[in-house]
Engineer: 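One structure, as structure tokens, below. Some questions next.
For ligands, and for the atoms within them, numbers begin at 1 and follow the listed sequence.
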Amino acid sequence: MFADNSIKAVQSYLQQKLEKIYSVREIQIFSEMILDALFDLSKTDLILNTRKFSESELLQIRAVSKRLIKKEPIQHILGVAHFYGYDFKVNKDVLIPRPETEELVALVLENHKGGKLLDIGTGSGCIPITLKKENDAFDVWAIDISEDALGIASSNASESGAEINFIQSDILKDNLIDRYDIIISNPPYVLESDKKDMQESVLDFEPDLALFVPDDKALMFYERIASLAINSLQDSGYLYFEIHESFGQEAIQMLKEMGFQNIKLYQDLQGKDRIVSAQK
Ligand code: GLN
């Protein structure tokens, strides 16, 4: 239980309740995220330690801790994920934005100063919304198959004041109707056989639809998107993919065979093959 109603007491409560499941560092990050999201407390507020919590606020903290014990992602519990300095609403219908996807966004921002851009499989909308917020010169379009994901993405777009055109479409069946200067995608790429190494917080709470492909069809989304892109990109237009770390060479080979040029492979901050870019 809580020793008293101070910040320090809340921090030691969380430490004690969660230490069997999470590392000290993870618990520290959770504490900061909880106190920020629920009570708007900054890291300075935590050091000052003057805030006192009411009985109902302590109950709220206890409820969050119970959900963390069940391995629910903190972003689902608090309803928000941080990505490239922006806040995105997330739930079970969309993938929680990952740091490697921030690297994809940074690369596109570095290489392009404007143009008509399409994100395929947008999920929470973190890619198109961040690009538009960072550079208003982009004319931004985004597709997802899931109506529920598009609901979250459009709410994130209006919340952040980013003008994005959303389209519901199954790109495995439908064709693209417009032409674009840049096409981006972080499609499902995790193999069914990778499941055994994955955390429960991902397997039990994040959407399979956004994550998995059968082992024998690892590149199914990449092949389909590349074949759509070769028709729908403007001449010399660019394609960007986030990829599975084990499929860099296969992705390059496939893009070559489709007729793309200037193909580049990039590593993420952990040194793993993670992004491929190519030009029509
Ligand atoms: N990078 C994500 C993960 O490992 C997967 C993203 C995806 O499948 N597109 O959980």
Engineer: Test your reading of the model: is there a side-chain donor-acceptor pair from Ser185 to the backbone of Ile120, 3.5 Å cut-off?
Structural biologist: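 A pair under 3.5 Å: yes.
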Engineer: Checking contacts here: is it the side chain or the backbone of Glu206 that comes within 4.0 Å of ligand 1, counting heavy atoms only? Could be both or neither.
Structural biologist: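 Neither; nothing of Glu206 gets under 4.0 Å from ligand 1.
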Engineer: Tell me whether the centres of the aromatic rings in Phe53 and Phe39 are closer together than 6.0 Å.
Structural biologist: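 Yes, the ring centres sit under 6.0 Å apart.
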Engineer: Taking the inter-plane angle between the rings of Phe2 and Tyr13 on a 0 to 90° scale, is it parallel (under 30°), tilted (30 to 60°) or perpendicular (over 60°)?
Structural biologist: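 Judged by the thresholds at 30° and 60°, the geometry between Phe2 and Tyr13 is parallel.
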Engineer: I'd like to know if Ala210 contacts ligand 1, where contact means a heavy-atom distance under 4.0 Å to any ligand atom.
Structural biologist: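 Checking ligand 1 against Ala210, which is what was asked, there is a heavy-atom contact under 4.0 Å.
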Engineer: Taking the six-membered ring for Trp, are Tyr240 and His112 closer than 6.0 Å centroid to centroid?
Structural biologist: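 Yes: the rings meet the under 6.0 Å criterion.
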Engineer: Give a yes/no verdict on a cation-pi contact between Lys132 and Phe138, requiring under 6.0 Å between NZ or CZ and the six-membered ring centre and an angle within 45° of the axis.
Structural biologist: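 No, cation not above the ring by the 6.0 Å, 45° rule.
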Engineer: Which part of Thr101 is near ligand 1, with near meaning a heavy atom under 4.0 Å away: side chain, backbone, both or neither?
Structural biologist: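 Looking at Thr101 and ligand 1, no heavy atom falls under 4.0 Å.
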Engineer: Under a 3.5 Å threshold, yes or no: a donor from one side chain and an acceptor from the other, between Ser201 and Glu72?
Structural biologist: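 Distance-only check fails for Ser201 and Glu72.
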Engineer: If we ignore hydrogens and angles and just use 3.5 Å, is the side chain of Gln168 paired with the main-chain N or O of Ile145 as donor and acceptor?
Structural biologist: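 Answer holds: yes.
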Engineer: Is ligand 1 less than 4.0 angstrom away from at least one heavy atom of Leu211?
Structural biologist: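 Under 4.0 Å: yes for Leu211.
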Engineer: Got the closest protein heavy atom to atom 1 (N) of ligand 1, with its distance?
Structural biologist: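 Going by distance alone, atom 1 (N) of ligand 1 is nearest to Tyr189 OH, 2.9 Å.
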Engineer: Measure Met198 to ligand 1 on non-hydrogen atoms and call it side chain, backbone, both or neither using the 4.0 Å cut-off.
Structural biologist: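 Neither; nothing of Met198 gets under 4.0 Å from ligand 1.
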Engineer: Quick one: sort the Phe247 and His244 rings into parallel, tilted or perpendicular, breaks at 30° and 60°.
Structural biologist: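 Plane angle over 60°, so perpendicular.
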Engineer: Looking only at atom types and distance, does a side-chain atom of Arg224 sit under 3.5 Å from a main-chain N or O of Ile171, one as donor and one as acceptor?
Structural biologist: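 Yes; at least one donor-acceptor contact below 3.5 Å.
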Engineer: Among all protein heavy atoms, pick out the one at the shortest distance from atom 4 (O) of ligand 1; state its residue, atom name and that distance to 0.1 Å.
Structural biologist: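 Nearest protein contact, heavy atoms only, for atom 4 (O) of ligand 1 is Val190 CG2, 4.3 Å.
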Engineer: Quick one: which ligand 1 atoms are inside 4.0 Å of a heavy atom on Leu95?
Structural biologist: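 Here the atoms of ligand 1 in question are 6 (C).
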Engineer: What atoms of ligand 1 come closer than 4.0 angstrom to any heavy atom of Glu100?
Structural biologist: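 In order of numbering, the contacting atoms are 1 (N).
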Engineer: Report, in ascending order of atom number, the atoms of ligand 1 lying under 4.0 Å from any heavy atom of Pro188.
Structural biologist: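 With Pro188 as reference, the close atoms of ligand 1 come out as 8 (O).
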Engineer: Identify the closest protein heavy atom to atom 10 (O) of ligand 1: which residue and atom is it, and at what distance?
Structural biologist: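 Its nearest protein heavy-atom neighbour is Arg98 NH2, 2.8 Å.
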Engineer: For Pro187, is at least one N or O under 3.5 Å away from an N or O on ligand 1?
Structural biologist: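 Checking ligand 1 against Pro187, an N or O pair does fall under 3.5 Å apart.
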Engineer: Is the shortest distance from a heavy atom of Glu242 to ligand 1 less than 4.0 Å?
Structural biologist: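 Per 4.0 Å heavy-atom rule, Glu242 contacts ligand 1.
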